[in-house]
Number of protein chains: 2
Amino acid sequence: MASRASVTIEHVAQAAGVSRQTVSRVINKGPNVKPEVRERVEAAIAALGYVPNLSARRMGGGKSYLILAVNDRQRTIENWRAGRGNDWVDQMLHGGITECEKHGYHLIFELIDTDPATAPRQLSNAIAALRPDGVILTPPHSDNEELPVLLAERGIPCARIGRRPGTQFIDVFMDEEEAAAEITARLIALGHMRLAFIAGSPEYGNSTKRLAGFSRALAASGLGEAAGCVAKGNFRFADAAQEIERLLTRADPPTALIAENDEMAFAAMHVADRLGLEVPQQLSIASFEDTPGVRFSVPPLTAIRQPTAEMIAAACSQLIAASAGGPAHGSIKLPYRLVERATTGPAPAPAKRKTG
Amino acid sequence: MASRASVTIEHVAQAAGVSRQTVSRVINKGPNVKPEVRERVEAAIAALGYVPNLSARRMGGGKSYLILAVNDRQRTIENWRAGRGNDWVDQMLHGGITECEKHGYHLIFELIDTDPATAPRQLSNAIAALRPDGVILTPPHSDNEELPVLLAERGIPCARIGRRPGTQFIDVFMDEEEAAAEITARLIALGHMRLAFIAGSPEYGNSTKRLAGFSRALAASGLGEAAGCVAKGNFRFADAAQEIERLLTRADPPTALIAENDEMAFAAMHVADRLGLEVPQQLSIASFEDTPGVRFSVPPLTAIRQPTAEMIAAACSQLIAASAGGPAHGSIKLPYRLVERATTGPAPAPAKRKTG
DNA sequence: CTGAAAGCGCTTACAG
DNA sequence: CTGAAAGCGCTTACAG
């Protein structure tokens, strides 16, 4: 029965007939408490509905029970403003909140400027105010070399998402290059001989990795790099549409497109429609992202599903372990999934083929 | 130049040659500080890169600079698990984080069980741990009568989203009934004489209000309530599809459908496609929700756009004002927007019409 | 295995 | 207009 005024550790101590420190040991699962005393304390906690005040715990020198997850401000806000949504953010919360809850932790999601010149100060301010037990850096912040150092100096463990493993921090990632190579190889296996990669922003390190996978698969197939071309999108519908239209209307157009995000893949579908190209009969389209809407598109989009929630969950659990004395470095590779829906299929029969 | 070890109010006080309390007055924008002293302190703060520790502020008896936003656990997690996403959550963050940032606040998003029996205890635990300066309750928690009382007992201001204004708390809402009436009237104006409302869950108070608007518009048009029918969906694609198919295959099928969320509207589009009904030529479809994907559907969906981000932003700003001594009650009505895209149009010509 | 003491970094009354 | 004191609710060494 929680009383009106908040119940403190002192109330529990009195109710259980022990000192504050003993109660503290019990709630922190410390050693050196006689089982019967522990039970008495736990009974008092339950009876009083006691929940420790996190601010006080922090002030006393303990943990803050807070994980700070940091996202890129510009892109996030731009997506919000445009009504485009941020499924990535939703997925982060999914993994982060679910995992944090399990350990009695709370997730705080914040936005930090992309600009490498202002990011350190902003992060610095956030951790000074919040004193989180760990920080999660997502792209492109995970590619900023200064941020993890700043965190390390202050003794705050840090996890980077979508970053190739280093040795000093906790790196959680999926194999972007392999994913790009797999979808490329799959399209080649379907008979496509001219493929295009619609790139997002080079600011995101993933672009580089995916592009490498695209090239690798092309080379490995024997088709050679000449079979592939790269269009520079910027993750946005309109600009991508323009680039794609240029690609599809040229002399020897690609028969398969790989877009770095769903929005650009949708742009491809609209352009295809305008040009009278049937998907997937005349043009195959695949994406990296797999936001909720893709299942409802007509036809439903083939896409690489990134394990976003799983990566954030893994980051949280590592960070929590680190702040409990575990290692503050390591690397975790999580599997992606290639979800083949209806926008990819066999290449159209060539007008004229030389080889038998 | 922030030093390695964290800089405290004491460091600032020494650097400025004043006492801690004076620094405290400056950072809290308190009165009674000579302009020149204030400037000196501000200079020291800037020079040292001082940012107050929120835990300490809270412990000292000040504000926590935390707003807790609470969402329904079951539905949120179900959406996450199913890969459906939660645009609502993303929108909340949009409004909440942007507004909180402006005031030096931080938003914490948490999940609380829908079950009215366990919700109070869970909320109670969260506020005992976090001690937020304000709490935002979203549907269906905003319809729980116990929660705001519990909060009030602990002196925490509370904002309810999507709730008809009471007089005791901060209620932020849009006129759901009016929105339903407007879209209904619009469809009637387009010549539709048989309309159906695909309802979500009655657990969400909005359903009731929207249904009332639907009925009201029907009555006001002279068509009468007999012209409208209600199908019970549960916000889910599959179940809605079944209900909708039943509706559309009966003797005198509706020519216009209003779904309570986008997913059910998409279900309607799929059923229409299967039944060979052209949208909007033979069937008009409208939705309440307007998630990002609807602009990319084929054809793009007509929908009521809820001011979710704006409601959460308004809630935050009211809550922050309340915790600074402002009123902890009031009501804010925010405008919705009917976005007519391509799924609604004139009613199909009737097989036989009696009136001229 | 348990408790008395000190202190974390602030803020709120309370003096002057 | 400014400062000395007390205290918020915990935890960490440190004794016993």
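Order of the sequence lines sets the chain letters (A, B, ...), proteins ahead of strands, with each chain counted from 1. Nothing here was measured: the structure is a model prediction, and the numbers come from that model.
Between B:R81 and B:E78 there is no salt bridge, since no side-chain N of the basic residue sits under 4.0 Å from a carboxylate O of the acidic one. Here A:R163 pairs with A:E145 in a salt bridge; the nearest charged N to carboxylate O distance falls below 4.0 Å.
Under the 3.5 Å distance criterion, the side-chain polar atoms of A:N86 are left unmatched by any main-chain donor or acceptor of A:W88. Judged purely by atom type and a 3.5 angstrom limit, B:R160 has no side-chain atom pairing as donor or acceptor with the backbone of B:L137. In terms of modelled atom types and a separation under 3.5 Å, the side chain of A:Q122 and the main chain of A:D113 share a donor-acceptor contact. Between the side chain of B:S331 and the backbone N or O of B:V172, no donor-acceptor pair lies under 3.5 Å. No donor-acceptor pair closer than 3.5 Å links the side chain of A:T308 to the backbone N or O of A:M92.
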Problem set entry | Intra- and interstrand pairs of DNA chain C - dot-bracket, Watson-Crick/G-U under 3.5 Å, | marks other strand | |||.||||||||.|||
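Residue A:N53 is in sugar-phosphate contact alone, with no base atom involved, counting any heavy-atom pair closer than 4.0 Å across all strands shown. Using a 4.0 Å heavy-atom cutoff across all strands shown, B:R58 reaches no nucleic acid atom at all.
Mapping B:R57 and A:G60 onto DNA chain C by nearest heavy atom places A:G60 closer to the 5' end of the strand. Of the two residues contacting DNA chain C, namely B:A56 and B:Q21, the nearest-nucleotide position lying further toward the 5' end is that of B:A56. For B:R40 and A:V23, each mapped to the nucleotide of DNA chain D holding its nearest heavy atom, the one lying further toward the 5' end belongs to B:R40.
For DNA chain D, the contact window with chain A, defined by any atom under 4.0 Å from a protein heavy atom, covers D:dG9 to D:dT12 in 5' to 3' order.
Side-chain atoms of A:T8 and A:R20 form no donor-acceptor pair, as typed in the model, at a separation below 3.5 Å.
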